[in-house]
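Here's the structure we're looking at; comments come further down.
The analysis underlying the following values was restricted to heavy atoms, covering all of them including side chains, and did not include hydrogens, waters or symmetry mates. The model shown is predicted, which means the values in this text are computed figures rather than measured ones. Per chain, numbering begins at 1; letters A, B, ... match sequence-line order.
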Amino acid sequence: MSRFWKPGSEKPSTLLVDDEEGGVVFLPSTSSASSSGFGYASLERQRQRLPVYKYRKAILYLVERHGTTIVVGETGSGKSTQIPQYLKEAGWADGGRLIGCTQPRRLAVQTVASRVAEEAGVKLGEEVGYTIRFEDQTNPGMTMIKFLTDGVLIREMMEDPLLTKYSVIMVDEAHERSISTDMLLGLLKKIQRRRPELRLIISSATIEARSMSTFFNIRRKNSSLGSSDDLPSPEPAILSVEGKGYTVEIHYVEEPVSDYLQAAVNTVLLIHEKEPPGDILVFLTGQDDIDAAVKLLNEEIQHLGRHYLDLVILPLYSGLPRGDQDLIFAPTSKGKRKVVLSTNIAETSLTLEGVVYVVDSGFSKQKCYNPISDIESLVVAPISKASARQRAGRAGRVRPGKCFRLYTEEYYLNEMQSEGIPEMQRSNLVSCIIQLKALGIDNILGFDWPASPSPEAMIRALEVLFSLGILDEDAKLTVPVGFQVAEIPLDPMISKMILSANDFGCSDEILTIASFLSVQSVWVSVRGVRKEFDEAKLRFAAAEGDHVTFLNIYKGFHQSGKSSQWCYKNFLNYQALKKVIDIRGQLLRIVKGFGIPLKSCDRDMQAVRKAIIAGSFANACHLEEYSQNGMYKTIRTSQEVYIHPSSVLFRVNPKWVIYQSLVSTDKHYMRNVIAIEPSWLTEAAPHFFQFRTPNPDLH
DNA sequence: CTTTGCACA
């Protein structure tokens with residue numbers, strides 16, 4: 001394999017300092033970024049103006065010399081678009097090899113890829129391509145730089161466990177610590193032990209760099225003289241690249257606030273009164289909070305009079321209909337000031353231009369998982385310093401800004417956690433563990449994770465997979481069910497349901513149901529038209545429950561010719577239904593590959609319900625005998641649960657139900673519920689129910 | 001009487 005950067009031939013001009021932990025740090029050099037600009041296209045000049053440009057040589061030097069390079073770069077440094085191009089220019093894609101760059105989100109993959117293709121002056125999908133679910137814009141044999149989501153790269157490992165096509169893999173936004181990023185980091189470390197020539201670039205925030213470096217520091221055996229000539233150093237290097245953001249002045253409250261909603265509203269009004277023009281972004285916790293704050297603000301404005309009517313108040317959260325989201329991105333008309341009240345979506349996933357002021361409540365909703373009850377819940381919790389910094393940074397994108405924190409400086413300095421808990425340690429692990437199993441990782445408890453989940457959570461996941469017949473007594477994937485489930489990109493319970501549908505002759509219906517279960521909600525939540533909305537829902541409601549209701553919606557959508565007008569009239573989310581169709585198509589292809597034919601059971605909804613039970617028997621619940629308020633108890637753990645108000649079975653309260661998921665806020669709510677007969681449970685999973693205390697209702 | 005938001009050949 002040829003090397004393209006010749007160590008020693010051109011020393012980087014930046015200052016090199018040994019890190020006390022064995023890494024290497026380049027300190028920012030003072031040399032000017034702009035070299036002679038004559039004859040360059042404007043895109044080329046733009047590339048050179050990015051902060052990352054003056055580190056070009058340093059980056060190539062480090063990647064050549066180190067197995068892993070950690071790039072600490074703030075937003076706007078240009079690292080995501082530039083580093084892959086530097087690598088390509090230095091020859092890392094020669095000889096048919098690939099430079100891979102992962103992103104945690106599909107949208108980021110698409111935008112970064114098209115930007116890079118534009119800069120390189122090539123057609124997207126040729127030298128520069130991308131792969132996300134449902135969309136492969138690459139050309140094997142031609143593509144040199146490939147952008148992809150973390151999840152897609154993990155899937156690629158199932159075909160090619162050592163990712164032999166790649167010479168370098170850059171993991172972008174690794175500090176977000178999503179489950180798939182963490183899994184990917186663990187797997188890449190493992191691959192690097194077998195392929196020391198593989199180079200990794202981990203892009204991270206300042207706070208996480210040190211722990212990333214420790215994680216990737218591989219003590220290679222039998223190398224008494226350090227790294228050999230051919231192989232890079234196993235010690236990671238850390239490189240810092242400054243961002244392009246403007247300074248943000250931080251303000252704290254002097255006394256802790258008792259009501260952060262009211263405090264947020266007051267702060268917005270104060271900013272509008274005292275500060276020069278510029279939009280305001282307020283971070284709150286959820287839809288509830290946001291709607292309440294919108295109402296509060298509007299009331300105050302009515303009282304305060306004319307000057308305050310210049311405020312344009314907009315809510316922002318993922319569940320918002322498309323049209324409302326477009327308002328957020330529309331430029332503010334002259335003399336008006338936009339106030340966006342947002343969830344965490346504006347922290348990482350969306351960027352709003354024109355924001356100069358940020359109001360940070362200090363809270364967000366966070367997932368948390370209890371492996372004993374096997375319940376995931378959402379709780380309002382204090383954010384980390386890393387989050388607080390990210391939020392503040394949103395004020396400095398167009399010019400110097402201000403951030404108003406609704407907590408004291410003392411709290412920030414002494415009590416706030418510096419990093420959040422990685423999602424891996426707050427989640428149910430079934431999907432994660434089955435993927436590792438499919439990659440041949442037998443010793444799950446011994447897997448080297450960037451942040452190890454609790455043994456309880458791992459054991460719980462193994463138990464669930466065992467009860468579904470996906471793992472055997474030796475915790476190996478069963479043949480064929482276990483391997484097939486691993487190949488289906490869904491929650492294993494739903495995958496199992498799909499495979500079981502074959503036994504009940506209803507694969508057609510179950511594929512539709514599984515696809516609906518994979519989208520957040522197909523309904524459009526519209527406030528103020530409660531009655532019409534409920535009527536629309538009733539048109540599709542099935543007595544059996546939500547799953548059968550989905551079948552009715554699917555039929556209606558098809559009969560309408562997949563019309564968006566039809567969706568609008570029925571309060572259905574057109575985008576979500578199109579996604580259902582996409583997912584169904586993918587699932588059908590996979591299932592056909594297993595030799596399972598598409599078969600409909602026509603009107604036999606008993607068959608459909610039995611197939612659902614085959615996957616979700618562990619979620620069986622029984623209505624409490626004397627319950628006045630619709631209280632159910634789970635069969636497995638006697639947990640108190642209620643039917644979610646969005647379910648067609650809300651207030652119907654059948655005696656026995658199965659739920660697809662629990663949402664836990666003030667109570668545990670069952671979402672996507674179907675009525676069942678108790679005898680079907682013992683029929684479907686005798687091993688699971690035989691040791692339970694006898695229940696008179698079962699006979 | 002109601003969830004944060006990403007993602008998976």
Point to revise | salt bridge (charged side-chain N to carboxylate O under 4.0 Å, His left out) partners of Glu535(A), counting only residues at least two apart | key: Lys531(A)
Revision key, fill the gap. In whole angstroms, the gap separating P of dC6(B) from CG of Asn428(A) amounts to 20 Å
Revision key, fill the gap. From NZ of Lys592(A) across to C1' of dA9(B) the rounded distance in Å is 16 Å
Practice item. Using whole Å, report how far CD of Glu176(A) lies from P of dT4(B). Key: 19 Å
Exercise for review: Please determine if a side-chain N or O atom of Ser646(A) lies less than 4.0 Å away from the OP1 or OP2 oxygen of dC1(B).
Suggested key: no
Exercise for review: Quick one: label Thr149(A) by what it contacts on the DNA or RNA (base, sugar-phosphate, nothing), any heavy atom closer than 4.0 Å.
Suggested key: sugar-phosphate
Check your understanding: Is the distance between the ring centroids of Tyr130(A) and Phe147(A) under 6.0 Å?
Key -> no
**Study point:** Electrostatic pair Asp582(A)-Arg133(A), nearest N-O below 4.0 angstrom
**Key:** no
Point to revise | Glu376(A) side chain near Cys368(A) side chain, heavy-atom distance below 4.5 Å | key: no
Practice item. Nearest whole angstrom, please: distance from the P of dC8(B) to the CG of Leu588(A). Key: 19 Å
Check your understanding: How many Å lie between CG on Leu587(A) and P on dC8(B), as a whole number?
Key -> 13 Å
Study note, to complete from the structure: Rounded to whole Å, CZ of Phe571(A) lies from C1' of dT2(B) at a distance of 17 Å
Practice item. Output yes when at least one side-chain N/O atom of Ser178(A) is less than 4.0 Å from OP1 or OP2 of dC6(B), else no. Key: no
Review point. Within the structure shown, what part of the strands sits under 4.0 Å from Arg106(A) by heavy-atom distance: base, sugar-phosphate, or nothing?
Key: sugar-phosphate
Review point. Is the distance from OP1 or OP2 of dA7(B) to the nearest side-chain N or O of Arg155(A) less than 4.0 Å?
Key: no
Review point. Atom CZ of Arg133(A) and atom C1' of dA9(B): how far apart are they, to the nearest Å?
Key: 9 Å
Review point. 5'-most contact on DNA chain B: Tyr669(A) or Thr343(A), nearest heavy atom basis?
Key: Tyr669(A)
Check your understanding: Atom NZ of Lys165(A) to atom C1' of dA9(B): distance rounded to whole Å?
Key -> 12 Å
Review point. Picking from dC8(B), dG5(B), dC1(B), which would you name as closest to the side chain of Tyr317(A)?
Key: dG5(B)
Review point. Charged N to carboxylate O under 4.0 angstrom, Glu624(A) versus Lys655(A)?
Key: no
Check your understanding: Less than 3.5 Å between a donor and an acceptor, one on the side chain of Glu423(A) and one on the base of dG5(B), is that the case here?
Key -> yes
